[in-house]
Amino acid sequence: MSIKNIKINTVSLESYGINNARINYQLSPKQLHDISIEKGLGVEVSSGALAVNTGEFTGRSPKDRFIVKDSITKDLVWWGDINIPFKADKFDKLYNKVVDYLSDKEVFVRDCYACADPNYRLNLRVINEYPWSNQFAYNMFLRPEKEDLKRFKPEWIVINAPGFMANPDEDGTRQHNFAILNFTRKVALIGGTGYTGEIKKGIFSALNFILPVFKDTLPMHCSANVGKEGDTAIFFGLSGTGKTTLSTDANRSLIGDDEHGWTNDNNIFNFEGGCYAKVINLTREKEPEIYDAIKKGAILENVVLKPNAEVDFADTSITQNTRVSYPIHFIENIQVPSVGFNPKNIFFLTADAFGVIPPISKLTPSQAAYHFISGYTAKVAGTEAGVVEPQPSFSACFGAPFMPLHPAKYAEMLSKKMIEAKVNVWLVNTGWTGGPYGVGKRIELKYTRAMINAVLNGDLGLYNYDDYHIHSVFGVAQPRTCPGVPKSVLSPRQTWNDDNAYYTMAFKLTNAFRKNFKKFESHCNEEIRRGGPQRYAF
Ligand code: ATP
Ligand code: MN
């Protein structure tokens, strides 16, 4: 083996305090897949993908996400329940414990990066206790070329030790698991949880601070794709509202399914190199691109298998949040590199379980700003029979848990960019129709796709007064017709067959909007306040 080869095939971790570890550096996804199976940490499903269980946690744990309060963050971060401060000296002690824990162990190390636009590239070194977590990092982050690795200088380090349990009394955590960002040391420290989403959302949260503060670039919790004419569309929305599903469209090139930046050079770029799709009730018929991406190299999380090693996508006995991660090139139609020009259309996705928001409507700039700050979706009560009351859920910028700065900062940047780029903004209800959760049903994916296609093909311009109707409660412009969608589906009130019940529910929701907006009112001008619903119950 030449010296040159040795250099890129190994790496030292002693500068991080990890000593005598058996280091597996930059293994291929195939090697990691095989090692995971050999160690009994995963199984291969019939399509060739690896299936793993993430353990105690099958979702993120927002209450255990901390940011070290230091000279960089103290005056800039919007501290509170979302951005919970952590003391620097406590961090140092906990960090030392975690690296001690990893010392003498076998670890998996990967050099990779975030941000597809080279001007924003952030080099990462991910150090994992488990092989499949390292394969997740391969799938989700951008993959440097071999040549690139020789000169690779990691800037941020992710240390991921799911088997390390914190002692809250001693360590200053809330419980045994934690995900902590330290901007001075440039470390994301994750312990006590094997949920892989903490790794990707840790770096996302770091970028949501770094890009606006140091690079005057807007980070966004959205998916993006681009049409044949080079027209970019982006889709904001909270978890489960359809970012991944709707951006994965055979007729448009996928830029990314979850995290993007919007630069002052009129570009948007993906932070990631892969997708992380929900697989609950997945079918090939409805979502063929995602279904076919579940092959060797993909990692399924917390799914249940049938005896023939086929995945039972309907089985939610481990969690509703079953997932698959795969590198973006597992999708056939992708944009390479993952960069697009200024968006022409922006969709705000909401899964309205009250069933009152129109399935598609156009927003004015004021309404767009208002809805962005509100970040509405709904949570449906557990799946137990009889529990039918949906809960409104508001998350500023459609991603508050990942936004270290005050939401108004991101909203200001977005408003400015939307106006400059003359984008059209649409509110899309991918949630309930014909009544609330428990009475109505989720709107059919084929209709949502038809509405989005109509917008993207220019068939839903709403230029003439006769083309639309202003919703009496929400004030948004609701189209009267849309190719491929029955007229009756476009009006939520009509799908209910009970005007009284409809308006009662609509007012219940607008009251929740008003209550939520109170905490942002003082930061917002009259223009934005005017973008809210027009009518409330008193
Ligand atoms: P996350 O931020 O957690 O990744 P996401 O916004 O990417 O969430 P998706 O993974 O796209 O959400 O999940 C949307 C889910 O809703 C999918 O399981 C999809 O099959 C289902 N669904 C059902 N009806 C619709 C619809 N009309 N539009 C979009 N998705 C729908
Ligand atoms: Mn997604």
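Just so you know, ligand 1 is whichever comes first in the structure, and atom 1 is the first atom listed for that ligand.
- From the protein, the heavy atom lying nearest to atom 29 (C) of ligand 1 is L445 CD1, 3.7 Å.
- Below 3.5 Å of separation, one finds an N or O of T244 facing an N or O of ligand 1.
- The distance from ligand 1 to the heavy atoms of E287 drops below 4.0 Å at these ligand atoms: 19 (C), 20 (O).
- Paired with H221 under the rule ring pair (Phe, Tyr, Trp, His ring centres under 6.0 Å), one option of F398, F348, F402, F372 passes, and it is F402.
- Nearest to atom 11 (O) of ligand 1 by heavy atom, out of D258, T245, T283, T377, is T245.
- The neighbour count for Q175 CD, taken as heavy atoms of other residues, nucleotides or ligands under 6.0 Å away, is above 12.
- Checked by distance only, ligand 1 and D257 stay at 3.5 Å or farther apart across all their nitrogen or oxygen atoms.
- With atom 8 (O) of ligand 1 as the reference point, the heavy atom nearest to it among G240, G399, A351 is part of G240.
- The shortest N or O to N or O distance between G237 and ligand 1 is not below 3.5 Å.
- Counting atoms of ligand 1 from 1 in the listed order, those under 4.0 Å from a heavy atom of L238 are 6 (O).
- Below 3.5 Å of separation, one finds no N or O of L246 facing any N or O of ligand 1.
- Heavy-atom contacts from other residues, nucleotides or ligands closer than 6.0 Å to NZ of K519 number more than 12.
- A cation-pi arrangement, defined by a distance under 6.0 Å to the six-membered ring centre and an angle within 45 degrees of its axis, is present between K295 and F330.
- The only option from F517, F513, F520, F474 that meets the ring pair (Phe, Tyr, Trp, His ring centres under 6.0 Å) definition with H371 turns out to be F513.
- Within 6.0 Å of OH in Y503 there are more than 12 heavy atoms belonging to other residues, nucleotides or ligands.
- When each atom of ligand 1 is checked for a heavy atom of K278 under 4.0 Å away, the hits are 3 (O), 10 (O), 13 (O).
- Of all the atoms in ligand 1, the ones that sit under 4.0 Å from a non-hydrogen atom of R323 are 1 (P), 3 (O), 4 (O).
- Residue R442 holds the heavy atom nearest to atom 23 (C) of ligand 1 of all those in R449, R442, K200.
- Surrounding NZ of K344 are at most 12 heavy atoms belonging to other residues, nucleotides or ligands under 6.0 Å away.
- The proximity of K286 to ligand 1, defined as any non-hydrogen pair under 4.0 Å, does not occur for either the backbone or the side chain.
- For atom 2 (O) of ligand 1, the nearest non-hydrogen atom of the protein is K243 NZ, 2.7 Å.
- Judged by a 6.0 Å distance limit and a 45° cone about the ring axis, R121 is positioned over the six-membered ring of Y113.
- Annotation for ligand 1: atoms under 4.0 Å from non-hydrogen atoms of T241 are 6 (O), 12 (O).
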Let me check something: any side-chain donor-acceptor pairs from residues 480-492 under 3.5 Å, sequence neighbours excluded? List them with distances.
residue, atom, partner, partner atom, Å
R480, NE, D466, O, 3.3
R480, NE, Y468, O, 3.4
R480, NH2, Y468, O, 3.2
S491, OG, Q494, N, 3.2

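- Counting heavy atoms of neighbouring residues, nucleotides and ligands inside a 6.0 Å radius, atom CG of N308 exceeds 12 of them.
- Taking the side chain as every heavy atom from C-beta outward, R449 and L246 approach each other to under 4.5 Å.
- Counting only protein N, O or S atoms closer than 2.8 Å to the Mn ion (ligand 2) gives 1.
- Scored by the side chain to side chain contact (heavy atoms under 4.5 Å, CB included) test, A233 finds N225, F235, R252, F347, L456 as partners (sequence neighbours excluded).
- Between R174 and D64, at least one side-chain nitrogen of the basic residue sits less than 4.0 Å from a carboxylate oxygen of the acidic one, meeting the salt-bridge criterion.
- Within the structure, salt bridge (charged side-chain N to carboxylate O under 4.0 Å, His left out) contacts touching residues 274-288 (residues at least two apart or in different chains) are R284-D292.
- At a 3.5 angstrom cut-off on N or O pairs, A277 does not count as close to ligand 1.
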